[in-house]
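Data block below; observations after.
In this chain, residues are counted from 1 in sequence order.
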Amino acid sequence: ISLVTLQDIEEAQKNLEKQKLSHRTPLLKDCELFLPSLKDRCKSISFKLESLQTCGSFKTRGLANVLAHTDPDQMKGGLVTFSAGNFGRALSWVAQQKKVPAIVFMPETIHKDRVSLLTNMGADVRLVPIPQMQKLVDELVAKQAAEGNPICFIHPYDDKTLIAGHGTCGLEIVEDCPDVDVVVCGIGGGGYISGVAVAVKSKLGRNKVTVVGVEPTGAPKMFESRKANEAVVLKSVNSFVSGLSAPYAGKQCYAHVKEWVDDVVL
């Protein structure tokens, strides 16, 4: 598997500026003042506020870069993905901006409020069992292609172009805090930490900054993948943190984590 490079991420940064679907987010510094339990262990703590990103998460970064590489004819029938929430929300919003349909396959157990959030943006939400998601997406893509109305599938995390888009967040971290020595990222599917790790380590040097991923104990897909030395599928997921509870580690993401991430903790 070929990995994302710093050049890919710097190109993605230019694509994001052109697409205007995402924006630079602030880095909130001196947060150790509000975290007394960490104050004596960390010289300074900063938060990268991707919560202030378009649609409330980093997801539009990767989507903007994917669309920059997508022929409009490939998405005449719209955009499709599977998601437990944040990526589906971002894709629905992006489709709305591009004036194309959005179809999002979601777990049949998902909370109805998350479904409403997407349908209110015009998305066609289809509730299905998690193990059937990829199969149903593939069938839909094949069906619409055969009908001459192609729909573009965008994987929620296991895609190099998406990873490069997410990596732009890492570039901003380095620009705003050039002396950063540890970066901690939550891991859902692994696309975000993959891009950020490539960016910060390529800019600052592999041995100058440590990148650590965090997963819920009930959804340790990347933790277990590192132990198995290959991307794994979890037999079950048991966590209320739905945004970090992907049922499997993508092969692209695992390859990036193996190469660029120093540790994954639960």
Side-chain angles (χ1 to χ4, degrees), residues 1-5 7-23 53-55 57-106 115 117-128 132-169 189-192 194-195 198 246 250-253 255-256:
I1 294 176
S2 63
L3 303 184
V4 167
T5 66
Q7 183 178 352
D8 294 329
I9 297 172
E10 289 174 338
E11 179 188 339
Q13 193 172 46
K14 295 175 183 176
N15 289 334
L16 266 60
E17 291 171 1
K18 294 175 184 176
Q19 289 284 327
K20 300 188 185 305
L21 296 170
S22 60
H23 55 80
Q53 184 57 263
T54 310
C55 292
S57 78
F58 62 89
K59 308 291 187 178
T60 49
R61 292 179 182 269
L63 276 168
N65 196 42
V66 170
L67 292 183
H69 288 83
T70 303
D71 187 326
D73 287 342
Q74 291 181 268
M75 56 180 188
K76 287 193 299 185
L79 305 174
V80 61
T81 194
F82 51 85
S83 169
N86 284 338
F87 192 79
R89 178 184 181 187
L91 182 128
S92 300
W93 180 82
V94 166
Q96 194 176 55
Q97 305 309 302
K98 296 293 183 180
K99 296 181 170 53
V100 297
I103 299 176
V104 182
F105 289 84
M106 301 187 80
V115 175
L117 193 63
L118 273 60
T119 56
N120 288 342
M121 287 190 279
D124 174 1
V125 175
R126 304 183 184 184
L127 303 180
V128 299
Q132 295 182 23
M133 282 185 173
Q134 187 67 65
K135 174 177 177 289
L136 293 171
V137 167
D138 292 343
E139 290 175 352
L140 176 65
V141 170
K143 177 177 179 291
Q144 295 211 189
E147 295 172 351
N149 188 37
I151 188 168
C152 179
F153 168 57
I154 304 179
H155 197 285
Y157 51 88
D158 204 35
D159 179 283
K160 275 184 62 178
T161 310
L162 192 82
I163 289 170
H166 295 336
T168 60
C169 189
Y192 179 64
S194 295
V198 173
K251 292 180 180 180
Q252 288 279 354
C253 295
H256 284 81

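When every heavy atom of Met133 is checked against every heavy atom of Val128, the shortest pair comes out as CG-CG2, 3.7 Å. Between Pro150 and Asp73, the shortest heavy-atom distance links the atoms CG-O, 3.2 Å. Contact between Gly77 and Pro101 at its shortest, heavy atoms only, is O-CG, 3.7 Å. For the pair Glu11 and His69, the tightest heavy-atom approach, listed with the atom from each and the gap, is OE2-NE2, 3.5 Å.
Classification of Glu147 and Lys143 as a salt-bridged pair holds, one side-chain N sitting under 4.0 Å from a carboxylate O. Salt bridge absent: Lys14 and Glu10 never bring a charged side-chain N and a carboxylate O closer than 4.0 Å.
Asp8 contributes a side-chain N or O that, together with a main-chain N or O of Thr5, makes up a donor-acceptor pair within less than 3.5 Å. With hydrogens and angles disregarded, a donor-acceptor distance shorter than 3.5 Å links the side chain of Thr54 to the backbone of Leu21. A donor-acceptor pair is defined here as one N or O able to donate and one able to accept, closer than 3.5 Å; no such pair exists between the side chain of His166 and the backbone of Ser194. Between the Asp158 side chain and the Lys251 main chain, a donor and an acceptor come within less than 3.5 Å of each other. Looking at Thr81, its side chain never comes within 3.5 Å of a backbone N or O of Gly88 through a donor-acceptor pair. Arg126 contributes no side-chain N or O that, together with a main-chain N or O of Ile103, makes up a donor-acceptor pair within less than 3.5 Å.
Taking CD of Gln134 as the start and CD of Glu139 as the end, the distance is 11.0 Å to the nearest 0.5 Å. From Phe82, atom CZ reaches atom CG of Leu91 across 12.0 Å, with rounding to the nearest 0.5 Å. Here the CG atom belonging to Leu79 is positioned 5.0 Å from the CD1 atom belonging to Ile154, to the nearest 0.5 angstrom. The NZ atom of Lys18 sits 11.0 Å away from the NZ atom of Lys20 when rounded to the nearest 0.5 Å.
A heavy-atom distance below 4.5 Å is found between the side chains of Leu16 and Asn65. Residues Val80 and Gln144 have side chains not in contact (no heavy-atom distance under 4.5 Å, counting atoms from C-beta outward). Using a 4.5 Å heavy-atom cutoff, the side chains of Cys169 and Phe58 are not in contact. Looking only at side-chain heavy atoms (C-beta outward), Gln53 and His23 come within less than 4.5 Å of each other. The side-chain heavy atoms of Met75 and Leu67, taken from C-beta on, include a pair separated by under 4.5 Å. Two residues are said to be in side-chain contact when any heavy atoms from C-beta on lie closer than 4.5 Å; Ile1 and Gln252 meet this criterion.
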Steps toward side-chain contact (heavy atoms from CB on, under 4.5 Å) verdict (Gln19, Leu63) = CA-CA 10 Å; Gln19 289 284 327; Leu63 276 168; over 6 Å; no
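Every residue meeting the ring-ring contact (aromatic ring centres under 6.0 Å, His included) condition with Tyr157, not counting sequence neighbours, appears here in chain and number order: His155, Tyr248.
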